[in-house]
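Every chain is numbered from 1, with letters handed out A, B, ... down the list of sequences.
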Number of protein chains: 2
Amino acid sequence: MRSIPIKVSLDSIKASCGSCSLHELCLPMGLSQEDTELLDQTVNKRRKLARGEHLYRVGDPFQALYAVRSGFFKTLHLGGNGREKIVGFYMPGEVLGMDAISIDRHQYSTMALEDSIVCDIPFAELEHLIGVIPSLQYHFHRLMSGDINAGKRHMLLLDNTRAEERLAGFLLSLSQRFAARGYSPTQFNLRMTREEIGNYLGLTIETISRLFSRLQKEGLVNVQNREVKINDLVKLRGMVGHCD
Amino acid sequence: MRSIPIKVSLDSIKASCGSCSLHELCLPMGLSQEDTELLDQTVNKRRKLARGEHLYRVGDPFQALYAVRSGFFKTLHLGGNGREKIVGFYMPGEVLGMDAISIDRHQYSTMALEDSIVCDIPFAELEHLIGVIPSLQYHFHRLMSGDINAGKRHMLLLDNTRAEERLAGFLLSLSQRFAARGYSPTQFNLRMTREEIGNYLGLTIETISRLFSRLQKEGLVNVQNREVKINDLVKLRGMVGHCD
DNA sequence: CGAATGTTTGAACCCTTTCAAAGACGGTGG
DNA sequence: CCACCGTCTTTGAAAGGGTTCAAACATTCG
């Protein structure tokens, strides 16, 4: 609360895709230096968000996509009964908000799980730029298609009836995504609570807790609070049914 | 088998988006007559598929998107253990294959559930056309975004822990989509088997069967083989948790 | 008509949920 | 620095719902 005045003064920071370490994962992937500079003129603002702060909420008018620069986000659906369902976790280099393109309003709320920074990508300007830069068009379509696939993979994860398979698949998914960003695939920090994991996987918090205990007892992983160490990546893969 | 020679002779049929009754649902939605004619030059072929025939299979190189002209399709994922998981059903006006854009190969197999016709949309040509027709760019992005949302809705459906909620949500989803195509929202034919419904919803065939029996006993629906009549749309909606 | 496929119904089992309570962690204030 | 408090996590026992296994029935299509 106290920190709001400080945050405001830091809200806008000059961004630069060209010098960003994530540019091979993010929207500028595959662009020439020249085209990246054009993109930089559109993606010219960064925004800081404190842990727990909303990037946007259900129903907000859609104006921009957001690339995660640093930090961690969750997106959630609000059911008619007040129930919250987490539909995705987003880490640096991933782009938020593409589901809103088709309806002009955000369908899901997005909240920072830790202090984070996003790059604003005003969509009207991006659309214009896509018409001008053919390779941006190509890469943007791949990005959207990748989001379609991420959704389908999550669905396949939820199709595993056994709770164990879901959690194993979840850990492996995190592992892969961390690895793609140059972090260890076997040792990482969970940014979300047990409850958020359970919600995401369609399981209760108690089941998540029991599973972590069991996996640890079996020596597959070590879990200390939010710190996860995977001891046997191969055996963990063997536990997952039909998801990758 | 015997019919293959016949099918081949009918395989290619001249298509026309301008005169297609689905053009407000499909790729040409919102295009001017002039732009639709340009699109017609690209979408110039139709393909007939017999029931049970594959449109494409996992691993096939990605070359075209396919708009369903008539009939019904399912898309399925093949798990490492040989398990099949149905990830989507597609009806006329819906576009197949957008998940493959990001990886250049089809990630899922697609099979006709009944004799069907699709319109070929060669993707390289579509990409070119998108660079030329701004409103096509706009509508194509909405189409992809819509596919992202369809996936998320399916995921929300699977999050309902109670089998009853999932089936209710499934019936409502079909109802809406039929209504959008000018068919009755309360009376329609299931194109898929109980097993396929169960697979899609993460339930067993027995559970689906029991649920239909129960819903019928409660007077909510009438089910005769594959013919469904919804008697109480409102009460059915009340059964679904957080999925619209 | 007959075989294959698809559907319905029953009973026992298993896993996750639910309900309950104790324990650990982290931040705040004295 | 430590005690306190709220939040998060762990663990236990009972209950519920869907699956599994089994068998009869219906439908479709050659």
In whole angstrom, what separates [X]'s [atom1] from [N]'s [atom2]?
{"X": "B:L203", "N": "D:dG18", "atom1": "CG", "atom2": "C1'", "value": "8 Å"}
{"X": "A:I205", "N": "C:dT18", "atom1": "CD1", "atom2": "P", "value": "13 Å"}
{"X": "A:N225", "N": "D:dT9", "atom1": "CG", "atom2": "P", "value": "8 Å"}
{"X": "B:R210", "N": "D:dA24", "atom1": "CZ", "atom2": "C1'", "value": "14 Å"}
{"X": "B:E114", "N": "D:dC29", "atom1": "CD", "atom2": "P", "value": "13 Å"}
{"X": "B:E195", "N": "D:dT20", "atom1": "CD", "atom2": "C1'", "value": "15 Å"}
{"X": "A:L190", "N": "D:dC8", "atom1": "CG", "atom2": "P", "value": "15 Å"}

Test of ring centre spacing under 6.0 Å for B:F170 and B:Y200
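Close enough - the centres of the two rings lie under 6.0 Å apart.
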
Which is true for [X] with a 4.0 Å heavy-atom rule: it touches a base, it touches only sugar-phosphate, or it touches nothing?
{"X": "B:R51", "answer": "sugar-phosphate"}
{"X": "A:G198", "answer": "nothing"}
{"X": "B:S209", "answer": "base"}

Just how far is it from atom CG of A:L158 to atom OG1 of A:T161, taken to the nearest 0.5 Å?
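Reported to 0.5 Å precision, the distance equals 11.5 Å.
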
Taking it one step at a time, do A:C119 and A:Y66 satisfy side chain to side chain contact (heavy atoms under 4.5 Å, CB included)?
CA-CA 5 Å; A:C119 304; A:Y66 302 94; over 6 Å; no

For B:T204 and D:dT19, is the shortest distance between a side-chain N/O and OP1 or OP2 below 4.0 Å?
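Result: yes.
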
Look at B:T207 and D:dT19 and indicate whether a side-chain polar atom (N or O) is within less than 4.0 Å of OP1 or OP2.
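So the side chain of B:T207 is within the cut-off, an N or O lying under 4.0 Å from OP1 or OP2 of D:dT19.
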
Plane angle bin for B:Y56 and B:H106 - parallel if under 30°, tilted between 30 and 60°, otherwise perpendicular
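Geometry flag for B:Y56 against B:H106: parallel rings.
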
Side-chain contact test, heavy atoms from C-beta onward, threshold under 4.5 Å: evaluate it for B:L76 versus B:K85 and give yes or no.
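No. Closest side-chain heavy atoms not under 4.5 Å.
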
Side-chain donor or acceptor of A:N222 paired with backbone N/O of A:I230 under 3.5 Å:
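Between the backbone of A:I230 and the side chain of A:N222 there is no qualifying donor-acceptor contact (under 3.5 Å).
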
Any side-chain donor paired with an acceptor under 3.5 Å for A:Q107 and A:D99?
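Judged by distance alone, the side chains do not pair up.
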
Given [options], which nucleotide is nearest the side-chain atoms of [X]?
{"X": "B:A163", "options": "C:dT7, D:dG18, D:dT27", "answer": "D:dG18"}
{"X": "A:R162", "options": "C:dG26, D:dG12, C:dT16", "answer": "C:dT16"}
{"X": "A:E206", "options": "C:dT18, C:dT7, C:dT9", "answer": "C:dT18"}

Can you sort out which residues in residues 212-221 of chain A have a heavy atom within less than 4.0 Å of DNA chain C? Ascending by number, please.
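Going residue by residue through residues 212-221 of chain A, none turns out to have a heavy atom under 4.0 Å of DNA chain C.
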
